[in-house]
*Asks:* 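Sharing a structure here in structure tokens format.
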Amino acid sequence: MSTEILSLPQKGRTKKEILAEMRAARDHDIKWEQGRVFGLVYHISDEIDNLLKEAFTMFFAENGLNPTAFPSLRKFETEVVAMTAALLGGDQNVCGNITTGGTESLLMAVKTARDWSRVHRPGIREPEMVLPLSAHPAFDKAAEYFGVRAVHVPVRADFRADVEAMRAAITPNTILMAGSAPSYPHGVVDPIRELAAIAQEHGLLFHTDSCVGGFMLPFVRKLGYPVPDFDFSVPGVTSMSADLHKFGYAAKPASVILYRTPELRRCQMFVYIDWPGGIYPSPTMTGSRAGGPVAAAWALMNYLGEEGYLHITDTVMKTAKYLQEGIKAIPGLTVLGDPEMSVFAIASRKMDVNEIADELELRGWHLDRQHFPACLHMTVNYMHAAVADEFLDDLAAAAGVVRKPSLRKTASKFLIASANFLTRILPEKWVSALMSKVSSLLGGGGGLPSRLAPIYGLIGTLPNRGDLKELVLDLLDSLTR
Ligand SMILES: *Cc1c(COP(=O)(O)O)cnc(C)c1O
């Protein structure tokens, strides 16, 4: 944390100066415009960005907190929700809201389930939800926020939810089950039909998390690729989430949360009637609600139409298949499971994928690292069509480097082995302190180190997951004031 005191400048500066400083601040940002990042940004074209920006700024000042003051925003939200519901097999009863993202949508789904069960199953004091291990951490955030215990069930060898194990995890306290369509880590669709049937059998609510797939899988299926049932056409699915700001290609932050019935959605809403400031209704987590993202989502859905989404999805799927084939053709590399869309993970039996990620980083590519098992995450989208060959060339080169033994690798292997040994003879706290020292040394000066493989290796040796959580909290602390 910085020790100098930064206060509001005494005098304002010029617009020119400020914008120049902001432009310069982007210098070290990831070059998403060049398709160098897999995830985070879902860009189609400048033409579409311009439409989004125009719609966004047109409603830049408006506030969705009071929909009666802005019937425009109310119309946009209602229509975006309706179009999303229709896309996801919903009938006239399906209703919902626009939220600030997948996380808020999932927070709302869990809060709704908790409050629904308070009314309909009042005997439950310590509510639980049964989740596949691959479910998004936003469920765990919701668990922490709302006092619902998250029960994680290991997935099958194909990375999909294990139906019988999920059934076995149900207790008299279970209020909610969930599955993903698809899961973020490996991009595979859980057996939603089977899971939702179990939920229905037990009188439980069931959420399909289609945050990443909600605006893609319907088009993937229309294009003729196999997609298992996952939406409201499946009996027992009571709520769904779909992120506008992912494969909906809308502006951040925007997602849709949907419920099968208005009765269910009522449990999401908040009303306080005793405030001196007046009666205060609020449908979702936030108070003030930005108009821009709602307007931009409405504009884009109407601009693209089904035809536009199909065209984009076709390109994305062809690119994803091309990349997957290319990856599998590189000796030692593979794609995990049998992913339905353009989200998947690269793994290797023989090579350390963290070293491959480091080599790719040096070549300007940013891939997220996953564990259990170690793999690299890919969210392929429209931008990647133009860079697929370049990426495959660099990936092959990276694998070539990693395959060869080197002094650096031997050194980091030695460090990992010695950390392993030290944890057996020293108190854990000392070892973690030592390891963060070592990792900062390995990384060289300032900021995040360029080679992370040794650090991931060291972290893997931490005997206590609690230590790891503290280390990450330290990092989070140090990132912003
Ligand atoms: C991205 C994602 C989320 C969380 O969405 P945010 O918009 O990042 O809050 C939840 N579930 C899945 C499956 C996701 O891919």
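These numbers come from the heavy atoms of this one structure, side chains and all, not from hydrogens, waters or symmetry mates. Indexing begins at 1, ligand by ligand and atom by atom, following the structure's order.
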*Asks:* Starting from atom 9 (O) of ligand 1, what is the nearest protein heavy atom, named by residue and atom, and what distance separates them?
*Replies:* Thr103 OG1, 2.5 Å

*Asks:* Of the protein's non-hydrogen atoms, which lies at the shortest distance from atom 15 (O) of ligand 1, and what is that distance?
*Replies:* Lys246 NZ, 3.0 Å

*Asks:* Ignoring hydrogens and angles, tell me if any N or O in the side chain of Ser282 forms a donor-acceptor pair with the backbone of Thr286 under 3.5 Å.
*Replies:* yes

*Asks:* Run the numbers for me: atoms of ligand 1, each under 4.0 Å from some heavy atom of Gly101, listed by number.
*Replies:* 7 (O)

*Asks:* Ligand 1 and Gly102, any nitrogen or oxygen pair closer than 3.5 angstrom?
*Replies:* yes

*Asks:* Heavy-atom contacts under 4.0 Å between Cys211 and ligand 1: side chain, backbone, both, or neither?
*Replies:* side chain

*Asks:* Using modelled atom types only, decide if a donor and an acceptor are shared between the side chain of Arg260 and the backbone of Val237 within a distance under 3.5 Å.
*Replies:* yes

*Asks:* Can you list the ligand 1 atoms lying under 4.0 Å from a non-hydrogen atom of Val212?
*Replies:* 15 (O)

*Asks:* When you measure from the side chain of Lys321 to the backbone N and O of Thr319, does any donor-acceptor pair fall under 3.5 Å?
*Replies:* no

*Asks:* Closest non-hydrogen protein atom to atom 11 (N) of ligand 1, residue and atom name please, with distance?
*Replies:* Asp209 OD2, 2.7 Å

*Asks:* Check this for me, if you would: do Glu164 and Arg167 make a salt bridge, where the nitrogen-to-carboxylate-oxygen distance has to be below 4.0 angstrom?
*Replies:* yes

*Asks:* Any chance you could lay out the ring pair (Phe, Tyr, Trp, His ring centres under 6.0 Å) test for Phe59 and Phe76, step after step, and finish with the verdict?
*Replies:* CA-CA 11 Å; Phe59 287 84; Phe76 300 152; 5.2 Å; yes

*Asks:* Determine, using ring centers only, whether Tyr249 and Tyr382 are less than 6.0 Å apart.
*Replies:* no

*Asks:* Ligand 1 versus Glu104, non-hydrogen atoms closer than 4.0 Å: side chain, backbone, both, neither?
*Replies:* neither

*Asks:* Got Thr313 and Met341 here, is their nearest side-chain heavy-atom distance under 4.5 Å?
*Replies:* no

*Asks:* Would you say His245 has any N or O atom under 3.5 Å from an N or O of ligand 1, going by distance alone?
*Replies:* yes

*Asks:* Going by the order shown, which atoms of ligand 1 are within less than 4.0 Å of some heavy atom of Asp243?
*Replies:* 1 (C), 5 (O), 7 (O)

